[in-house]
Visitor: 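Can you read through this structure? Questions will come right after.
Heads up: numbering here begins at 1 and tracks the sequence. Keep in mind the model is a prediction, meaning the values are calculated, not measured. What you see below is based on every heavy atom in this structure, not just the backbone, and it leaves out hydrogens, waters and symmetry mates.
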Amino acid sequence: MHLITTAHEETWPEDGPVLFLGEWCRRYSRRHVWEALGGEVVPYHWDDRQQMERDKERLGRFYEGLLAELADWLNDYHGVDHGLRYWRMLLGPWLGMLVAALADRWAMVVQSLDDQGGHETIVLAGAEDYVVPRDNAEFRGMVYGDLWNHVAFDRILSEETGIERVEIPIGNHCAMQDPAVLTPGRRERALTWLTRRSQTRCRPDDVVLKGTYMPWRAEVKVQVALRQFPVLWGLISPDRVSVPAAGRRGRISLPERGLDRFEDHVRRWCLAQMPTSYLEGYQELVEAAESSPLPERPRAIFTSSAHSSDELFKVWAAKRVERGTPLMIGQHGGTSGIARFSMTNDHEVAIADRFVTWGWSGEGDTPVKPVGQLKGFGDWSVGGKRKAQVAGDSGEKALLMLGAFPRYSYDLYDIPVSSQWLSYFDDQCEFVDALSVEVRQRLVVRLYQHDFGWDQKERWKDRYPELAYERSSDDLLSSLERSRVVITTYNGATFLETMAMGIPTIVFWDPSRSGISDRAVEAFDGLEEVGVFHRTASSAAAHVSSTWGDVEGWWTRPDVVAACDSLRNQFSWDPDGTPGRVVEELRSLIGEVNART
């Protein structure tokens, strides 16, 4: 039987029988091809959610040991002597994603294929040369795509199974291309000029606020309260440190230990997969950071996003943190604190002196502190244009806001992953089918901004050609202002945003595929009792249909208001006081450093 590992049809046979390693192989837009082949699909191993949570704990322990090994190796390689926290800040986002992704691919090959013999597969010769990332952002993009996953699956198959591999040339069209460079418009040029001008006013010990997710007015308030000139740092970093990849590493690898086949597999490949920013481009990156306008000895650093993919900022900040500058990281999505587990969240807490949230608190002696909603959507507007006006019962439509998730898993946190998006899509169809005729005629489906190869628009229009659809690029604020009720369908910031705007909101998702943390259970139980949160699509549809004639009456009921307030008080504080609380936390961190010195 022929094994198909990805959606690269160059590796598919002309006829069956075939075995698809996962639903990620079968693009909806190409169903005429794979339907003709027939074949079966290997069940997805993380449909067992308890196993996924156990794997998260196991992989977390392996990640910690591997990070320490890589820190020692890189210190020797570069002739430096940085501590574990320095390398955690630099490598952590990439290494965590690599370990989680390879664990998933390993399980699908080694654990899910019952019969290791009798299979053959077609592989793209030389493909590995095209999947060397330059930085963490490029690595993430690769993990989402078919080519990197083709290489990952092939390495596991060749090392761990006796499968017959038939090599074919990769072809030029598979090579990774540099992203297109867009010519900046007038607004972008003006912002660049303003950014550079503000940076000239920065003092060597100024607190750095970069990528905080706070509205610019709130950032200005914070910097003025800290008695410094407001500085913008958003446009100083190059997107990537570019280093040629061809012939650069040979066969370097960490030594195997012989205790665990999967862990040794990761050790064999992790250096070959390490972004060039941390190897060949490391010195270039350090020099770029030291020559940037960022201050030499900041009193504190605050970010909600730059710690992940901005390599120049990361290497600059890691050096300052190693010298004693405190680092504060802000929550940057609604999932944080509500989902049962998140490997990304664990990393952020591990590298931060203070992790500030939209309202929830940590347990015990942790650096997690609430400051309130950072993104400022209490009086929410798009692009700072205007505050949303709630339509009430005069609203003409019910707005269904969709989510999408990559076809290939890339992290370990409790949301639908990989092929589980198909079950998520089935839930949305169940919701639409269960609506009353009146509401269904008013329904507008807003497609998610990223498709990830699921062909969501084509799926929806084939299933429901009569429905109205919106693109993610359509003006959201205008759409919300025409909506009588908004239905949100996944654990993210969307329902927190619409609730903060006062828009009647229905939330539904399946907790078996998107678990709710212990700290959030009480709040969601309260929302469920009043009809805001639903665990099934049919329950949500029934509630929307039954309240359609008087949505405003339901939404303003005292018990509904109290349940929504309870959620907001824990996970989305009113942002009006957030700048002041951010200042308090920064001053507290600075005071702790001064007390130590």
Visitor: When you check the gap from the basic side-chain N to the acidic O, do R155 and E128 get nearer than 4.0 Å?
Guide: yes
Visitor: Begin from the C-alpha positions of Y213 and Q331 and carry the test side-chain hydrogen bond (donor to acceptor under 3.5 Å, both in side chains) through to its verdict.
Guide: CA-CA 9 Å; Y213 282 171; Q331 175 184 336; over 6 Å; no
Visitor: Rounded to the nearest 0.5 Å, what separates atom CG in D135 from atom OG1 in T276?
Guide: 7.5 Å
Visitor: Strictly by salt bridge (Lys or Arg N to Asp or Glu O under 4.0 Å), give each pair with a member in residues 418-431 just once, sequence neighbours left out.
Guide: D427-R513
Visitor: Suppose we screen for side chain to side chain contact (heavy atoms under 4.5 Å, CB included). Which residues come up paired with E466, at least two apart in sequence or across chains?
Guide: R440, Y464
Visitor: State, yes or no, whether a side-chain contact exists between S336 and S342 at a heavy-atom distance under 4.5 Å.
Guide: no
Visitor: Could you check Y410, W269, Y130 and say which one makes a ring-ring contact (aromatic ring centres under 6.0 Å, His included) with W148?
Guide: W269
Visitor: Are the side chains of F431 and S538 in contact, using a 4.5 Å heavy-atom criterion?
Guide: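 No, their side chains stay 4.5 Å or more apart.
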Visitor: Rounded at 0.5 Å granularity, tell me how far CD in E10 sits from CD1 in I168.
Guide: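 Taking CD in E10 and CD1 in I168, the distance rounds to 6.5 Å.
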Visitor: Does the pair R30/D455 count as a salt bridge with the N-to-O cut at 4.0 Å?
Guide: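 Looking at D455 together with R30, the answer is no, because their closest N to O distance does not fall below 4.0 Å.
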Visitor: Before giving the answer on side-chain hydrogen bond (donor to acceptor under 3.5 Å, both in side chains), spell out for E348 and H307 the whole-Å C-alpha distance, their side-chain angles and the decisive distance to 0.1 Å.
Guide: CA-CA 8 Å; E348 292 169 336; H307 63 282; 3.1 Å; yes
Visitor: Should the pair R31-D462 be classified as a salt bridge under the 4.0 Å nitrogen-to-oxygen rule?
Guide: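 The answer is yes: the pair qualifies as a salt bridge.
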Visitor: Please walk me through it: do F425 and W460 pass ring-ring contact (aromatic ring centres under 6.0 Å, His included)?
Guide: CA-CA 9 Å; F425 175 72; W460 274 95; 5.5 Å; yes
Visitor: List the steps and the verdict of salt bridge (Lys or Arg N to Asp or Glu O under 4.0 Å) for E138 and R134.
Guide: CA-CA 6 Å; E138 188 169 77; R134 288 172 288 186; 2.7 Å; yes
Visitor: State, to 0.1 Å, how close W316 and A289 come at their nearest heavy-atom pair, and which atoms those are.
Guide: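 Looks like CB-CB, 3.9 Å.
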Visitor: Could you check if a side-chain atom of V110 sits within less than 4.5 angstrom of a side-chain atom of R261, using non-hydrogen atoms only?
Guide: yes
Visitor: Describe, in one word, how the ring planes of F153 and W24 are oriented to each other, choosing from parallel (under 30°), tilted (30 to 60°) and perpendicular (over 60°).
Guide: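 It falls in the parallel class, under 30°.
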Visitor: Between atom CG of D72 and atom NE2 of H82, what is the distance when rounded to the nearest 0.5 Å?
Guide: 13.0 Å
Visitor: Can you list everything that forms a side chain to side chain contact (heavy atoms under 4.5 Å, CB included) with R267? Sequence neighbours excluded, please.
Guide: F62, L66, E69, L254, R257, E263, D264
Visitor: Give the minimum heavy-atom separation between C25 and F20, together with the two atoms involved.
Guide: CB-CD2, 3.6 Å
Visitor: With side-chain hydrogen bond (donor to acceptor under 3.5 Å, both in side chains) as the test, would you mind laying out the steps for Y44 and D104 before giving the verdict?
Guide: CA-CA 9 Å; Y44 189 53; D104 174 66; 2.8 Å; yes
Visitor: Which label fits F524 and W509: parallel for a plane angle under 30°, tilted from 30 to 60°, or perpendicular past 60°?
Guide: tilted
Visitor: Within the 4.5 Å heavy-atom criterion, are Q273 and F139 side-chain neighbours or not?
Guide: yes
Visitor: May I ask you to decide if L157's main-chain N or O and T161's side chain share a donor-acceptor pair within less than 3.5 Å?
Guide: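 Yes, the answer is positive, given that a donor and an acceptor are paired below the 3.5 Å cut-off.
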Visitor: Does the ring centre of Y448 sit less than 6.0 Å away from the ring centre of W454?
Guide: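 No.
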Visitor: Between H332 and S304, do the side chains contain an N or O donor and an N or O acceptor separated by less than 3.5 Å?
Guide: no
Visitor: Can you name the nearest heavy-atom pair linking S512 to R49, along with the distance?
Guide: O-CG, 3.4 Å
Visitor: Give the intermediate values and the outcome of salt bridge (Lys or Arg N to Asp or Glu O under 4.0 Å) for residues R268 and E256.
Guide: CA-CA 7 Å; R268 284 193 295 271; E256 298 178 29; 3.2 Å; yes
Visitor: Go through the steps to decide whether E23 and R407 satisfy the test salt bridge (Lys or Arg N to Asp or Glu O under 4.0 Å), and finish with yes or no.
Guide: CA-CA 8 Å; E23 288 289 356; R407 282 178 298 136; over 6 Å; no
Visitor: Distance from E470 atom CD to L400 atom CG, nearest 0.5 Å?
Guide: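 The CD atom of E470 sits 10.5 Å away from the CG atom of L400.
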Visitor: Any salt bridge between D474 and R446, counting N to O under 4.0 Å?
Guide: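 Looking at R446 together with D474, the answer is no, because their closest N to O distance does not fall below 4.0 Å.
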Visitor: Can you confirm whether E35 is buried at CD, in the sense that more than 12 heavy atoms of other residues, nucleotides or ligands lie under 6.0 Å from that atom?
Guide: yes
Visitor: Looking at E53 and R58, is there a salt bridge between them, counting it only when a charged N and a carboxylate O are closer than 4.0 Å?
Guide: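 Salt bridge: no.
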Visitor: Inspect the contact between R105 and E160 and indicate whether a charged nitrogen and a carboxylate oxygen are less than 4.0 angstrom apart.
Guide: no
Visitor: Quick one: closest heavy-atom pair of G16 and L37, and the distance?
Guide: N-CD2, 4.0 Å
Visitor: Using a strict threshold of under 4.0 Å (side-chain N to carboxylate O), is an ion pair present between R463 and D433?
Guide: yes
Visitor: Does this structure show an ion pair linking R61 with E64, if we count only N-O contacts that are shorter than 4.0 Å?
Guide: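 Salt bridge flag = no for E64 with R61.
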Visitor: Any chance you could lay out the side chain to side chain contact (heavy atoms under 4.5 Å, CB included) test for V109 and L21, step after step, and finish with the verdict?
Guide: CA-CA 8 Å; V109 171; L21 194 57; 4.0 Å; yes
Visitor: Kindly determine whether K457 and D451 satisfy salt bridge (Lys or Arg N to Asp or Glu O under 4.0 Å), including the steps that lead there.
Guide: CA-CA 8 Å; K457 183 178 180 180; D451 185 70; over 6 Å; no
Visitor: Quick one: are L271 and M274 in side-chain contact, heavy atoms under 4.5 Å?
Guide: yes
Visitor: Quick check: do T489 and F508 have side-chain heavy atoms less than 4.5 Å from each other?
Guide: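 T489 reaches F508 side chain to side chain.
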Visitor: Between Y144 and Y408, does the ring centre distance come in under 6.0 Å?
Guide: no
Visitor: Minimum heavy-atom separation for I122 and P13, please, with both atom names.
Guide: CD1-N, 4.5 Å
Visitor: Closer than 3.5 angstrom, by distance alone: can the side chain of W34 be matched with the main-chain N or O of R27 as a donor-acceptor pair?
Guide: yes
Visitor: Dump the intermediate steps for side-chain hydrogen bond (donor to acceptor under 3.5 Å, both in side chains) on Q428 and R459, then the final yes or no.
Guide: CA-CA 12 Å; Q428 312 316 305; R459 289 178 190 269; over 6 Å; no
Visitor: Would you mind checking if E528 and R535 are paired as a salt bridge, meaning a charged N to carboxylate O distance below 4.0 Å?
Guide: yes
Visitor: Measure from the side-chain N and O atoms of S517 to the backbone N and O of G337, and report whether any donor-acceptor pair falls under 3.5 Å.
Guide: yes
Visitor: Taking all heavy atoms of F533 and all of I516, pick out the closest pair and write down the distance.
Guide: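 Taking every non-hydrogen atom into account, CZ-CD1, 3.9 Å.
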Visitor: How many angstroms lie between CG in D154 and CG in N149, if you round to the nearest 0.5 Å?
Guide: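 Result: 12.0 Å between the selected atoms.
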Visitor: Please report whether the ring centroid of F405 lies less than 6.0 Å from that of Y424.
Guide: yes
Visitor: Between atom CG of N136 and atom CH2 of W94, what is the distance when rounded to the nearest 0.5 Å?
Guide: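 So the CG of N136 and the CH2 of W94 are separated by 9.5 Å.
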Visitor: Using a 3.5 Å distance criterion without hydrogens, assess whether the side chain of H8 forms a donor-acceptor pair with backbone atoms of V123.
Guide: no
